[in-house]
Protein chains: 2
Amino acid sequence: MPRPSVQSARLNEIVEAAAKCVAQYGLEGVTLERIADETGLKRPLIRHHAGNREEIINAVVTHVLSGFGELTTMFANALPAKRGSYTAVDHLFDDHGRSDPAEMMVFQSIVAAADRFPAEAEALLKWVGDFTAVVVEAIKRDFPEVESEAAEAVAHGIVALYFNVDSLAPLKPPLAWRRYAKNAALLLLRFLEDNAGTQRAP
Amino acid sequence: MPRPSVQSARLNEIVEAAAKCVAQYGLEGVTLERIADETGLKRPLIRHHAGNREEIINAVVTHVLSGFGELTTMFANALPAKRGSYTAVDHLFDDHGRSDPAEMMVFQSIVAAADRFPAEAEALLKWVGDFTAVVVEAIKRDFPEVESEAAEAVAHGIVALYFNVDSLAPLKPPLAWRRYAKNAALLLLRFLEDNAGTQRAP
DNA sequence: TAATTAACTGTCAAGAGTGACAGTTAATTA
DNA sequence: TAATTAACTGTCACTCTTGACAGTTAATTA
């Protein structure tokens with residue numbers, strides 16, 4: 001008999017809006033007023049649904065972190081058993097399956113505030129490791145003879161190129177830069193192609 | 001006969017302190033109080049020497065940007081005529097000649113705020129292009145026969161790896177990651193070594 | 001040593017943001 | 001249609017930050 005609750009839906013709206021604020025202004029730039037403007041809701045309502053400023057910031061951070069977690073599993077599942085490393089590169093550097101640009105900026109904000117958010121920073125580091133590990137696994141499936149060190153180097157290179165493209169996106173870099181990044185990633189795989197089983201120290 | 005002025009020295013201190021604040025808290029997190037704490041000066045003195053909040057933020061941004069400019073020329077000058085590309089990788093991935101970690105965080109803050117600082121964002125983009133161009137030139141000197149597209153891809157890859165290592169530094173990643181990054185950079189150069197003059201499309 | 005001028009301090013008013021709460025509106029069901 | 005409960009609004013007090021300015025201290029030279 002009560003009025004139906006929209007709490008969870010509103011909470012989601014609010015967290016998404018707060019994420020946009022974090023992306024633009026950083027963690028310190030999150031104000032209830034900005035969230036209110038972004039959502040079209042009145043400021044006191046923001047607090048009613050999502051708690052105080054600190055709770056909202058925590059919610060954004062955990063939301064983004066869990067989003068990253070999902071991204072990793074989706075990414076891992078999208079890789080076929082053979083030539084998975086090439087599929088990975090396609091996924092990462094074609095618009096297909098890109099991450100939300102705002103999320104990447106939240107990522108950077110947490111990194112910058114690592115001192116004040118040690119637990120979150122650690123989770124983020126773990127995520128980067130897990131994400132890279134997915135690429136490493138794909139590489140090892142495709143190139144079973146490759147040395148672990150080389151597989152790690154290539155995987156880290158691919159992930160670094162991906163992060164870089166995404167994190168520079170707000171600067172609106174020339175389109176060619178994305179192509180260069182993808183080509184560089186492919187060059188790293190080419191090395192494995194040409195040297196699998198016959199590595200020397202790099 | 002007046003008391004000697006320390007204006008310029010103080011201004012420098014203040015801008016450096018403000019840069020630290022930007023690194024930790026983002027552009028929105030810069031407060032005169034934090035700068036005062038960082039420098040040990042009283043808040044009103046901050047304003048006396050460096051102007052109001054907005055002017056200080058602008059000063060930080062231009063200071064960091066010009067620092068990047070210097071970094072580029074120093075970097076370019078440090079590269080010998082032959083095997084300059086390898087020297088570049090050594091410089092970028094060994095502690096030698098690293099950039100101030102705070103500056104990298106300011107970089108990220110400006111990127112995030114690109115909408116509100118279009119001119120600064122453009123300058124930053126130009127800087128990234130210039131910095132990459134230095135690597136491209138070194139590559140072309142070392143591998144004169146290489147296709148331009150491949151040289152760009154390798155240079156972008158090396159720079160991306162460098163940016164990535166620096167921007168993740170606050171997370172205190174495992175030491176191995178830096179080695180992986182350097183190895184990936186070297187693998188990119190290896191590709192040029194093995195394929196100079198006999199390139200096919202990647 | 002006295003004049004001069006810059007460095008520095010204390011303090012207050014104005015503005016922005018947060019937190020809290022009373023009160024109003026609206027949707028559902030008995 | 002009346003009761004119930006959640007969504008929503010208006011507003012006030014408190015805190016934090018900025019901007020401003022009067023006043024004090026200190027170093028240099030005439």
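Just so you know, these numbers come straight off a predicted model, no measurement behind them. Throughout, a chain's letter reflects where its sequence line sits, starting with A, and its residues are numbered from 1.
- A:I35 has its CD1 atom 12 Å from the C1' atom of C:dT18, to the nearest Å.
- Aromatic ring orientation, B:F131 versus B:F75: parallel (interplanar angle below 30°, classes split at 30° and 60°).
- Within the cation-pi definition used here (under 6.0 Å to the ring centroid, within 45° of the axis), A:R34 qualifies as a partner of A:Y25.
- Between A:H156 and B:W177, the ring planes lie perpendicular to each other; the angle is over 60°, past the 30° to 60° tilted range.
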For B:T72 and B:D130, run side chain to side chain donor-acceptor pair (under 3.5 Å): C-alpha distance rounded to whole Å, both residues' side-chain angles, the deciding distance at 0.1 Å, then the answer. CA-CA 8 Å; B:T72 302; B:D130 291 348; over 6 Å; no
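- Within the 4.5 Å cutoff, no side-chain heavy atoms of B:F191 are placed close to those of B:V146.
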Sugar-phosphate or base contact per nucleotide [nucleotides 7-17 of chain D; S, B, -; heavy atom under 4.0 Å]: BBBBB-----S
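- Distance check: A:L186 CG to A:I158 CD1 gives 8.0 Å after rounding to the nearest 0.5 Å.
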What dot-bracket string describes DNA chain D from 5' to 3', counting Watson-Crick and G-U wobble pairs whose defining distances are under 3.5 Å, with [ ] for crossing pairs and | for pairs to another strand? ||||||||||||||||||||||||||||||
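- Salt bridge A:E13/A:R10: present, at least one basic N to carboxylate O contact under 4.0 Å.
- The CD-P distance, from A:E54 to C:dT18, rounds to 13 Å in whole Å.
- Using a 30° and 60° split on the angle between ring planes, B:W127 and B:F163 fall in the parallel class, below 30°.
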